Amino acid sequence: MSTPTRNWFRAAVMAIAPVVLLVAFVYHPFLAGATAPPSPEVVAAAAEADTTRWVGAHLVALGAFALSALAFQALRGHLRDAGEERWSSWGFPLVLVGFVLLAGLPALELTIASAIDTGVDTVALIEAVNPWFMTVLISGSVALVLGTLAFAAGVVRGAIMGRGLTWIVAIALVVTALALAAPPFWAFYVMALATIVAFWPVAWATTRTGSGTAAAVEAEEGVRPSAPRPRAAEDQAGRLRGFGRRRTHTPH
């Protein structure tokens with residue numbers, strides 16, 4: 001894959017992933033309360049009110065987590081191309097582990113929708129699953145927070161954009177990490193908006209990098225002298241041999 005094509009793929013995933021993440025959280029029924037997770041009664045009421053929306057929101061969330069992991073991989077590639085290896089090299093594994101663990105949360109939430117159709121006590125099911133839910137939530141959030149902060153440091157050290165945009169992206173990544181650690185459900189909205197602020201400027205810079213690389217390659221190829229064609233070389237040798245024979249038979 002050529003460098004411009006690879007950069008366009010990176011830019012596309014960094015532009016799309018935050019939008020899908022925002023759609024997942026906006027479509028998810030709002031869960032009131034200051035605790036994380038909300039009380040079993042609040043979760044049960046939201047799931048029972050609209051089971052289809054509950055299932056759809058968590059399926060979109062699964063896709064959003066997968067795309068977000070790819071977005072961080074694209075950011076990691078952009079930083080590596082800029083020479084930044086210290087922070088992003090260990091930040092990406094932490095981010096990947098965090099998204100894998102957090103992807104288990106929608107899977108657990110989908111069991112609630114299944115329980116509603118079977119007539120099981122939804123509140124009792126949520127209370128039974130809650131310890132496992134909290135274990136996965138805390139471990140995944142810690143890994144993702146540490147990895148995101150490492151990427152913020154990598155963006156500053158890599159200086160992949162102008163000074164102003166570099167600090168905007170770094171601060172947005174820090175806000176993303178802090179929102180992950182915040183208990184209220186509305187913090188997920190902040191996290192999704194922060195990822196848009198963080199990834200969209202990098203996506204734009206990545207497309208410009210691809211265009212600059214392609215122009216540089218074309219310019220380099222334009223000034224490079226082309227090798228003579230074998231056919232032209234043979235024709236030139238034939239003319240020289242013919243010239244020698246004509247010179248031999250010329251009378252003195």
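What's counted below: heavy atoms across the whole structure, side chains too, no hydrogens, waters or symmetry copies. The structure displayed is predicted, hence computed values, not measured ones.
- Annotation: side chain of Trp204 is not in contact with side chain of Leu165 (no heavy-atom distance under 4.5 Å).
- Residues Ala103 and Leu62 approach most closely at O-CD2, 3.2 Å, considering heavy atoms.
- A continuous path of hydrophobic side-chain contacts links Ile171 to Leu180 [ILVMFWY only; heavy atoms under 4.5 Å].
- When all heavy atoms of Thr176 and Ala194 are compared, the pair lying nearest together is OG1-CB, 3.3 Å.
- No single ILVMFWY cluster, assembled from side-chain heavy atoms under 4.5 Å apart, contains both Phe133 and Leu110.
- Side-chain N or O atoms of Thr166 include one that pairs as donor or acceptor with a backbone N or O of Met161 at under 3.5 Å.
- Scanning both residues, Thr207 and Ala11, for their nearest heavy atoms gives CG2-CB, 3.4 Å.
- One distance of note links OG1 of Thr122 with CD of Glu48; it measures 4.0 Å at 0.5 Å rounding.
- In this structure, CG on Asn130 lies 10.0 Å from OG on Ser39, to the nearest 0.5 angstrom.
- Annotation: side chain of Glu109 is in contact with side chain of Val43 (closest heavy-atom distance under 4.5 Å).
- Using a 4.5 Å heavy-atom threshold, the side chains of Glu127 and Glu41 count as touching.
- Between Phe99 and Phe65, the angle of the ring planes lies from 30° to 60°, which puts this pair in the tilted group.
- Hydrophobic clustering (ILVMFWY, side-chain heavy atoms < 4.5 Å, transitive): Leu146 and Leu101 are in one cluster.
- Side-chain atoms of Val136 and Leu102, non-hydrogen and from C-beta on, never get closer than 4.5 Å to each other.
- Counting heavy atoms of neighbouring residues, nucleotides and ligands inside a 6.0 Å radius, atom CH2 of Trp132 does not exceed 12 of them.
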- Task: Could you please spell out the steps behind the ring-ring contact (aromatic ring centres under 6.0 Å, His included) verdict for Phe25 and Tyr189?
- Result: CA-CA 7 Å; Phe25 290 138; Tyr189 302 149; 7.2 Å; no

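- Between the CG atom of Leu70 and the CE atom of Met14 there is a distance of 11.5 Å, given to the nearest 0.5 Å.
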- Task: Output, in order, the C-alpha distance, side-chain angles, deciding distance and verdict of salt bridge (Lys or Arg N to Asp or Glu O under 4.0 Å) for Asp81 and Arg76.
- Result: CA-CA 9 Å; Asp81 293 344; Arg76 156 68 175 151; over 6 Å; no

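- The aromatic ring centroids of Phe92 and Phe72 lie 6.0 Å or more from each other.
- Inter-residue side-chain proximity for Trp87 and Leu149 is flagged as unmet; no heavy-atom pair is nearer than 4.5 Å.
- Under the 4.5 Å side-chain heavy-atom criterion for Ile, Leu, Val, Met, Phe, Trp and Tyr, Ile116 and Leu59 are members of distinct hydrophobic clusters.
- Across every non-hydrogen atom of Val13 and Pro18, the tightest pair is O-CD, 4.3 Å.
- When all heavy atoms of Ala170 and Val156 are compared, the pair lying nearest together is CB-CG2, 3.6 Å.
- With values rounded to the nearest 0.5 angstrom, Ile16 atom CD1 is found 10.5 Å from Trp200 atom CH2.
- Hydrophobic clustering, with ILVMFWY side chains joined whenever heavy atoms are under 4.5 angstrom apart, groups Trp186 together with Leu137.
- Formation of a donor-acceptor pair under 3.5 Å by the Glu84 side chain with backbone atoms of Arg86 is found in this model.
- Of the inter-residue distances, the one linking Phe188 atom CZ with Leu21 atom CG reads 9.5 Å to the nearest 0.5 angstrom.
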- Message: Please determine whether side-chain contact (heavy atoms from CB on, under 4.5 Å) holds for the pair Ser141 and Ile138, giving the CA-CA distance in whole Å, both sets of side-chain angles, and the decisive distance to 0.1 Å.
- Response: CA-CA 5 Å; Ser141 297; Ile138 294 174; 5.9 Å; no

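- Atom OG of Ser114 and atom CG of Leu125 lie 9.5 Å apart (nearest 0.5 Å).
- Residues Trp54 and Ala46 approach most closely at CZ3-CB, 4.0 Å, considering heavy atoms.
- Using cut-offs of 30° and 60° for the angle between ring planes, the Phe30 and Phe185 rings count as perpendicular.
- At least one donor-acceptor pair closer than 3.5 Å links the side chain of Thr111 to the backbone N or O of Leu108.
- Looking at heavy atoms from C-beta onward, His58 lies in side-chain contact with His28 at the 4.5 angstrom threshold.
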- Could you walk me through whether Val197 and Val169 pass side-chain contact (heavy atoms from CB on, under 4.5 Å), step by step? CA-CA 7 Å; Val197 176; Val169 171; over 6 Å; no

- Audit row: Asp50, Thr52, side-chain contact (heavy atoms from CB on, under 4.5 Å) steps and yes/no: CA-CA 6 Å; Asp50 192 341; Thr52 302; 3.8 Å; yes

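- Of the possible polar contacts, none joining the Ser88 side chain to the Glu85 backbone as a donor-acceptor pair under 3.5 Å is found.
- Screening Val190, Leu193, Thr195 for a side-chain contact (heavy atoms from CB on, under 4.5 Å) involving Val175 leaves a single residue, Val190.
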